[in-house]
Protein chains: 2
Amino acid sequence: MTVTIKDIAKVAGVSYSTVSKALNNSPLVKEITKRKILKVAAEMGYEPNLAAKQLVRKKTDVIGLMWPTIERIVLATLVTNISKAFETTSYSMILSVDAPETAMDTFKKFQVDGMIVFGESNSITVSTENIPVVIYGVSGKNESAYPIIDANHEASMQKAVQHLVELGHRRIAYIGHLDQEDALQSEKVEGYEKAMKHFKLDENITIINSNGLNWFDGYTATDIMLEQDKRPTAIIGGSYDISGGILRALQEKGVQVPEDISIVSYDNIPQMATMEVPMTCAGVPVDVLAEEIVHSIIERIESDEEIELVKKLSPTLTERESTGPPPEIL
Amino acid sequence: MTVTIKDIAKVAGVSYSTVSKALNNSPLVKEITKRKILKVAAEMGYEPNLAAKQLVRKKTDVIGLMWPTIERIVLATLVTNISKAFETTSYSMILSVDAPETAMDTFKKFQVDGMIVFGESNSITVSTENIPVVIYGVSGKNESAYPIIDANHEASMQKAVQHLVELGHRRIAYIGHLDQEDALQSEKVEGYEKAMKHFKLDENITIINSNGLNWFDGYTATDIMLEQDKRPTAIIGGSYDISGGILRALQEKGVQVPEDISIVSYDNIPQMATMEVPMTCAGVPVDVLAEEIVHSIIERIESDEEIELVKKLSPTLTERESTGPPPEIL
DNA sequence: TTGTATGCGTTATCAA
DNA sequence: TTGATAACGCATACAA
């Protein structure tokens, strides 16, 4: 038998409505009584019944996170961070890795107060009725009915290039996945080109297609790059995994990082610090991203006003040991 | 306002207890009335209130999955499969990626009917009171208070070696991570050795330490292996990632698979079929594993009898294109 | 075969 | 400052 507030009431010698108030830290109950009740509750191992609470409050304090594709480490890290961010709030988070429709059903069943969705806004085919939604993904071109949180990819590339330029680099190459279908990838490449032009380095633009987002794709792309003449003095890697491959390929060919070639990676996650060479990176720090997502959905739940539809987060450049001045000016 | 059974009752012109019975497909209500009620319910867009149901049923039909470490793809695939397996049951699954204690709290709050835990049994420090638990992990040496589901690693290796022996191979090497701390890895190596001995191939035992579980670890280990003389005619890769690296290294050196060297990989996941060379593999198919885990926890919830404490699942060998007869006997 | 009444554990309203 | 009591939406024992 689980213990309820009525059980506590009996033991503490008060009415159960007083117990309820005490448990909710209501100012309507005397300090001494409150303390006594709290003590009894703890002793009896009381655990509130969420279902009962929900039945009267019409609120679950639970937010659902839809994560249909478990894959890349960056997203996994983001999920962990979001989960952590919720701990400081009054909300709990549940996760579904199912297809959007199934996940929606589960969330509806639990009557979550809000939803976070990873991916395209068009993945929400099911009607969300009045339940607040925040999307994390590419804001891109197409209109969305829901607020989107997105990193400012262009600004990330701008910062990456700027950092390298300030160190004295001019021949800065970009290695990443060139995929027309993937708006995120396109935005990164375009950001790189734009930044290079901004620094009048138009003729130094070098884009190498890794043909994929995995570790090995970066690895092979780098091999190809090294065979060409006029080797760049710096490389911008399109993702954590790709940069890992780039770094490894360079190491194997005896190319020193950063003495011979500097690397800046896209994505700003803690794992960057523990790579073979601690990696300088540009991107929205994953904890900031998580904090923003959590904040957004809660705000959307608790305030009636519509919040801005697209929120682009500003990236940070985190300098580590993979970047330094180019060899020429050493 | 959401629609309740009372609303339906009014519209259908019956009492709400009749509605309740009809909705639960009770035989106590006439077929015609039932149909009518169901129709009205559908028209009104009725969605049952889980909280209310739970309050009287003392059951949530929800199972929590504790997954503290989002990392290797094998586990990600397993999670997806478990999630899918639940769809055919009356249960839903929620996922927590938090630390065990936090996850436990969340699950208790939701009053889940049962829990699936990935990892060591000793990760459950919090008292689970009477809530059923099933662990997926290495059964290993230490006693566990909870039932454990585990793959029979030894049998997997036995099947892998046997398959290669039947094809005519004798020089069969093993490339995997040799880690004293990791019971799973040890069991695989020991299984390989045991199998080799069983086939009187004691002197052909070749174990190469990849010093890690990642793609690249398999890649480097293979490079090292190829430099040695008396190259094996077959390799057993210790995991999906490692085998990917092995395959890539061989391809790069112009070694044909399976013409020059055959590969069998540990782990039995669908991704094996879509590798550069579709991979023959040995292990418990991930859908079987998922099915078993789901079945176990449900059984433990629904039946009072204690189920067996350790359940070792039998592996399957799935033959694909990475294995063939050794070059000598072609 | 259908309807009435009760209770699940909690919050919230009102009275004491 | 405390207590009694009515919801919340549903299942179910019991009455009709």
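Predicted model only: the values in this text are computed from it and were never measured. Proteins get letters first, then strands, A, B, ... in listed order; numbering begins at 1 in each.
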Original post:
Would you say C:dT1 has OP1 or OP2 under 4.0 Å from some side-chain N or O of B:Lys34?
Top reply: no
Subject >> Five-pair end axes of the helix from C:dT1-D:dA16 to C:dA16-D:dT1 and the angle they enclose, rounded to 10° >> reply: 50°
Subject >> B:Thr316 (side chain) donor-acceptor with B:Pro285 (main chain) under 3.5 angstrom >> reply: no
Original post:
For DNA chain C, whose closest nucleotide is more 5', that of B:Val56 or that of B:Leu28?
Top reply: B:Leu28
Original post:
Base, sugar-phosphate, or nothing: which does A:Val29 touch, judged by heavy atoms less than 4.0 Å apart?
Top reply: sugar-phosphate
Subject >> Nearest-0.5 Å distance that lies between atom OH in A:Tyr91 and atom CD in A:Glu302 >> reply: 3.5 Å
**OP:** Check whether any side-chain heavy atom of A:Ile293 lies under 4.5 Å from a side-chain heavy atom of A:Leu78, and answer yes or no.
**Re:** yes
**OP:** Strictly below 4.0 Å, heavy-atom distances to any atom of DNA chain C: list the hits from residues 16-26 of chain B, or just say none.
**Re:** B:Tyr16, B:Ser17, B:Thr18, B:Lys21
Acceptor/donor pairs from residues 22-30 of chain A side chains to any protein atom, 3.5 angstrom cut, sequence neighbours excluded:
{"from": "A:Asn24", "atom 1": "ND2", "to": "A:Ser20", "atom 2": "O", "distance (Å)": "2.9"}
{"from": "A:Asn25", "atom 1": "OD1", "to": "A:Lys34", "atom 2": "NZ", "distance (Å)": "3.1"}
{"from": "A:Ser26", "atom 1": "OG", "to": "A:Leu28", "atom 2": "N", "distance (Å)": "2.9"}

Original post:
Roughly, in whole Å, what's the span from CZ in B:Arg57 to C1' in D:dC10?
Top reply: 11 Å
Original post:
Can you tell me how far P of C:dA12 sits from CG of A:Leu55, to the nearest Å?
Top reply: 13 Å
Original post:
Starting at CD of B:Gln54 and ending at P of C:dG9, how long is that distance when rounded to a whole Å?
Top reply: 11 Å
Original post:
Can you check whether A:Ile149 reaches A:Val134 side chain to side chain, under 4.5 Å on heavy atoms?
Top reply: yes
**OP:** Would you kindly give the OH-to-C1' distance between A:Tyr46 and C:dT10, to the nearest whole Å?
**Re:** 7 Å
**OP:** Keeping the roles fixed (side chain from A:Lys311, backbone from A:Pro147), state whether a donor-acceptor pair exists under 3.5 Å.
**Re:** no
**OP:** For A:Ser83 and A:Val79, indicate whether the former's side chain and the latter's backbone hold a donor-acceptor pair under 3.5 Å.
**Re:** no
**OP:** Grab the CD1-P distance between B:Ile5 and C:dA5 for me, whole Å please.
**Re:** 15 Å
**OP:** Answer yes or no: is there a donor N or O on one side and an acceptor on the other, between the side chain of B:Asp267 and the main chain of B:Tyr240, under 3.5 Å?
**Re:** yes
**OP:** Whole angstrom is fine here: how far is it from CD1 in A:Ile37 over to P in D:dT2?
**Re:** 8 Å
**OP:** Could you check how far CD1 of A:Ile32 sits from P of D:dT1, rounded to whole Å?
**Re:** 10 Å
**OP:** Output yes when a side-chain donor or acceptor of B:Asp113 lies under 3.5 Å from a complementary backbone atom of B:Thr60, and no otherwise.
**Re:** yes
Original post:
Just how far, in rounded Å, is C1' of C:dT11 from NZ of A:Lys58?
Top reply: 12 Å
